[in-house]
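Step one of this worksheet: look at the structure below.
When reading the values below, keep in mind they use all heavy atoms of this one structure, side chains included, and skip hydrogens, waters and symmetry mates. A note on names: the letters A, B, ... follow the listed sequences, proteins ahead of strands, and every chain is numbered from 1.
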Amino acid sequence: MKCSGVMFQVLNTMIRRNCRMMTPAMLRNELERVLESSVRSIWGETIPDDFRAVVTGANDLQFGDLSCQAAMRLAGIVKDNPRSIAGKITEALDVSIEGISAVSIDGPGFLNFRLNEGYLTSTSFKLASGGLQLLLPDTGAGREALVEFVSSNPTGPLTVGHCRQAVLGETISSLLEVSGWKVSREYYFNDSGRQMALLGESLAVRYLSAEGGEAAIPDGGYHGSYIIEWAADLKAEYGTGLKWESDRDTFIRFAEEKAIKMIRSDLSLLGIEFDRYFSESELIPGAVMDAVEKLSAITVDGSSLVYQSDSGKLWVRFTALGRPEDRVMIRDDGTYTYRMPDIAYHLDKFSRNYDLMVDIFGADHLDTSRDVTAALECLLGKEDVREKLKVVIHQFVTLVKDGRKVKMSTRSGEFVTLRELINDVGSSDVTKYLFLTRRAEAHMDFDLDLARKQSSENPVYYVQYAHARIAGILRAAGEAGISSPHEFSSSIAELLEGEYERELMRLLESVPVNVTAAAEEMEPHRLTEILADLAAGFHRFYQHVRVVDTDNMDISAARLMLCKACRRCIRDLLGILGVNAPDRM
RNA sequence: GCGCCCGUAGCUCAGCUGGAUAGAGCAGCGGACUUCUAAUCCGCAGGCCACAGGUUCGAAUCCUGUCGGGCGUACCA
């Protein structure tokens with residue numbers, strides 16, 4: 001490795017006994033701590049209390065493995081130029097940190113660190129033997145989290161938009177789980193509003209008319225062809241004697257049951273299972289009335305948060321909470337608008353004592369979500385709500401089919417279902433992976449034709465192929481009688497000093513901290529980035545380095561260990577995404 | 001009108017508290033299979049990071065404005 005720095009200080013390269021316990025996160029924390037104490041020992045009081053020497057991955061191999069910008073950030077504070085500051089910090093670094101072999105000062109004043117081979121090798125060894133979980137910090141520490149997602153009305157099959165949300169929610173849940181959280185997945189469904197009545201009536205129309213009866217479907221009703229099938233099922237089960245209005249509940253309940261069954265089966269295509277389906281009707285009227293009373297008891301700026309208009313409607317004065325408009329919560333016929341049960345539902349969640357609650361919503365729910373949050377903050381306290389409730393808003397998916405954008409609406413029956421999408425793309429793995437290659441807040445054009453066409457050279461196959469290749473190596477090694485070492489020793493490190501080995505180990509070492517960051521930010525798309533990097537690193541390694549070689553058993557064994565680490569890491573990461581890791585392709 | 005999100009290579013997108021020559025896949029061009037799976041690797045080409053100001057030693061990243069796209073602005077959920 002070239003080192004362009006003026007200062008080049010070789011630190012202790014010995015592998016200490018307790019090096020085995022060092023995880024990537026611990027190493028970075030330790031390095032930051034030492035840097036900070038070094039800075040404080042030099043400049044003392046001038047350094048603000050909240051100063052932190054943040055260590056990140058260096059963005060180019062030529063600069064080393066880890067990087068710190070502290071010197072540049074301190075320039076304004078201690079009135080000195082960054083390179084000089086960096087030099088002083090380096091001189092004061094009298095504690096050698098295990099895992100770090102060298103520090104250099106480069107460019108405008110970056111402090112760059114090189115990881116030693118012993119540490120890198122032992123990290124790979126830990127991955128190979130214990131998997132990714134072993135190296136991830138237990139940030140959740142067994143605390144309980146609730147993730148609410150999908151939560152679409154039970155009025156029809158899930159669509160492409162729900163698919164994005166389902167994949168997002170499931171992956172965020174899994175990310176929290178590997179970070180040590182105990183996660184419950186919950187689906188909230190509105191089954192008592194106007195939409196259910198419309199659905200029931202739409203079913204009744206299909207049921208009562210011999211052939212279709214499209215025209216009679218009520219305004220705002222549901223036109224999807226799936227309801228024709230439900231009508232046939234309804235006749236088979238109840239005969240032909242049902243009437244709308246008088247058998248209203250039968251129609252609605254039947255439709256709801258069918259819809260929920262449909263949704264569950266759609267979700268199973270993605271391998272998603274919820275711990276609980278929470279029904280809105282459980283909250284009505286008790287919990288909702290409680291919530292109304294609690295809101296009514298609140299006074300802001302001398303007047304009540306809740307007021308009644310002349311027509312008898314009950315409003316919440318959201319403008320007093322910093323929101324743009326007041327909202328009707330109870331209509332003049334005594335029924336609730338959707339915000340009211342939403343508030344009651346969230347109060348219910350809070351009463352269940354979770355340490356973290358994640359809501360995953362589409363962009364169309366943003367406004368409602370803000371109102372609900374504002375109400376919760378004034379009922380439960382800002383601090384508590386802000387700390388425990390996290391809302392992830394994802395933008396819409398525009399489906400492009402035959403070069404044209406497809407407009408979607410569940411009510412009109414014009415939509416592409418999740419099921420059709422997966423069938424069209426040809427694989428749920430590809431579908432999931434593609435949705436996770438973009439960040440949630442980015443709009444997404446999903447080109448069906450492209451997804452189908454590309455499916456043979458899709459990014460997910462690139463990753464899966466790396467896994468299958470490693471599996472092939474392991475098979476070949478087994479046949480040749482080569483097995484990877486059972487215990488870590490520094491002699492293994494000496495066998496893995498090649499450029500490609502080191503590059504792969506460096507990549508593997510960075511995975512745990514990147515996964516933790518993805519979990520903390522709740523940005524699952526970062527996982528696909530990590531996977532792509534890792535797969536590329538392995539494919540490069542594979543191209544240049546021969547693993548199975550009976551003439552060099554020791555090197556073979558060491559490289560085999562590295563392969564195992566890589567396979568385990570890819571498999572564990574794909575596992576978080578809910579994507580298969582095939583042994584053959 | 002107002003609020004939120006987005007605007008980076010021909011296309012789809014990454015870009016980690018503001019930092020070291022702006023990255024990847026696809027599409028294009030040229031190379032590499034008698035060796036653990038070529039669904040791979042290596043190379044070339046391709047960008048005033050929408051535009052204009054501002055803050056800073058330093059901006060794709062922060063602030064303001066303009067333009068363009070999406071969503072919301074329901075007593076639908």
Looking at the base of [N], is there any donor atom on it, or on the side chain of [X], that sits under 3.5 Å from an acceptor on the other one?
| X | N | result |
| --- | --- | --- |
| His539(A) | C41(B) | no |
| His365(A) | G72(B) | no |
| Gln62(A) | U21(B) | yes |

Query raised in the report: Does Arg469(A) make a cation-pi contact with Tyr542(A) (under 6.0 Å, within 45 degrees of the axis)?
Result: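 Geometry flag: set, cation within 6.0 Å and 45°.
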Mind checking if [X] touches a base, just sugar-phosphate, or nothing, with heavy atoms under 4.0 Å?
| X | answer |
| --- | --- |
| Asp342(A) | nothing |
| Ala75(A) | nothing |
| Asp60(A) | base |
| Arg327(A) | sugar-phosphate |
| Glu523(A) | nothing |
| Thr337(A) | sugar-phosphate |
| Met329(A) | nothing |
| Asp371(A) | nothing |
| Asn112(A) | base |
| Gln69(A) | base |
| Val460(A) | nothing |
| Arg439(A) | sugar-phosphate |

Of the candidate nucleotides [options], which contains the atom at the shortest distance from the side chain of [X]?
| X | options | value |
| --- | --- | --- |
| Glu325(A) | U73(B), C5(B), C76(B) | U73(B) |
| Glu441(A) | C41(B), C6(B), C76(B) | C6(B) |
| Ala476(A) | G70(B), U17(B), C36(B) | C36(B) |
| Val548(A) | C36(B), G19(B), A20(B) | C36(B) |
| His544(A) | G19(B), G72(B), C41(B) | C41(B) |
| Arg469(A) | C16(B), U37(B), C36(B) | U37(B) |

Tell me the interatomic distance from [X], atom [atom1], to [N], atom [atom2], rounded to whole angstroms.
| X | N | atom1 | atom2 | answer |
| --- | --- | --- | --- | --- |
| Leu366(A) | C4(B) | CG | C1' | 5 Å |
| Arg546(A) | C33(B) | CZ | C1' | 13 Å |
| Glu529(A) | A24(B) | CD | C1' | 7 Å |
| Leu434(A) | A14(B) | CG | C1' | 15 Å |
| Met444(A) | C13(B) | CE | C1' | 10 Å |
| Leu66(A) | A20(B) | CG | P | 17 Å |
| Met585(A) | U40(B) | CE | C1' | 12 Å |
| Tyr542(A) | A39(B) | OH | C1' | 12 Å |

Requested in this report: May I ask you to decide whether Arg28(A) forms a salt bridge with Glu509(A), counting only side-chain N to carboxylate O separations under 4.0 Å?
Outcome: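 The answer is yes: the pair qualifies as a salt bridge.
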Report task. Identify whether the distance between the nearest side-chain nitrogen and carboxylate oxygen of Asp583(A) and Arg567(A) falls below 4.0 Å. Result ->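 Salt bridge flag = yes for Arg567(A) with Asp583(A).
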**Report entry** Syn/anti state for C6(B) [syn: chi within 90° of 0]
**Finding:**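 Glycosidic conformation of C6(B): anti.
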Given that both distances must come in under 3.5 Å, which nucleotide forms a Watson-Crick or G-U wobble pair with [N]?
| N | answer |
| --- | --- |
| C2(B) | G72(B) |
| U55(B) | none |
| A38(B) | none |

Requested in this report: Return the 5'-most residue of the pair Asn514(A), Tyr338(A) with respect to RNA chain B, ranking by each residue's nearest nucleotide.
Outcome: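 Result: Asn514(A).
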Query raised in the report: More 5' along RNA chain B: Glu280(A) or Ser67(A), using each one's nearest nucleotide?
Result: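 That would be Ser67(A).
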For [X] and [Y], test the side chains for any donor-to-acceptor distance below 3.5 angstrom and give the result as yes or no.
| X | Y | answer |
| --- | --- | --- |
| Asn112(A) | Ser104(A) | no |
| Gln195(A) | Thr155(A) | no |
| Asp429(A) | Tyr461(A) | no |
| Ser556(A) | Asp549(A) | no |

Do any side-chain nitrogens or oxygens of [X] fall under 4.0 Å of OP1 or OP2 in [N]?
| X | N | result |
| --- | --- | --- |
| His525(A) | G15(B) | yes |
| Arg194(A) | C76(B) | yes |
| Arg370(A) | C4(B) | no |
| Asn458(A) | A39(B) | no |
| Arg540(A) | C42(B) | yes |
| Tyr461(A) | G25(B) | no |
| Tyr433(A) | G25(B) | no |
| Tyr465(A) | A39(B) | yes |

What's the gap between [N] and [M] when it is taken at their [atom1] atoms, as a whole Å value?
| N | M | atom1 | result |
| --- | --- | --- | --- |
| U37(B) | G47(B) | P | 40 Å |
| C6(B) | A50(B) | P | 13 Å |
| G1(B) | U61(B) | C1' | 30 Å |
| A60(B) | G23(B) | P | 13 Å |
| G15(B) | G7(B) | P | 10 Å |
| U8(B) | C49(B) | C1' | 4 Å |
| G58(B) | C71(B) | P | 40 Å |
| G69(B) | G31(B) | C1' | 42 Å |

Report task. Quick one: sort the Tyr345(A) and Phe278(A) rings into parallel, tilted or perpendicular, breaks at 30° and 60°. Result ->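 Tilted.
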Requested in this report: Would you give the length of the straight line joining atom CD of Glu503(A) to atom CZ of Arg540(A), rounded to the nearest 0.5 angstrom?
Outcome: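 It is 4.5 Å, given to the nearest 0.5 Å.
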Return a table of donor-acceptor pairs under 3.5 angstrom between the side chains of residues 361-369 of chain A and protein atoms on other chains or two or more places apart.
unit_1	atom_1	unit_2	atom_2	d
Asp367(A)	OD1	Arg323(A)	NH2	3.2
Asp367(A)	OD2	Arg327(A)	NH2	2.8

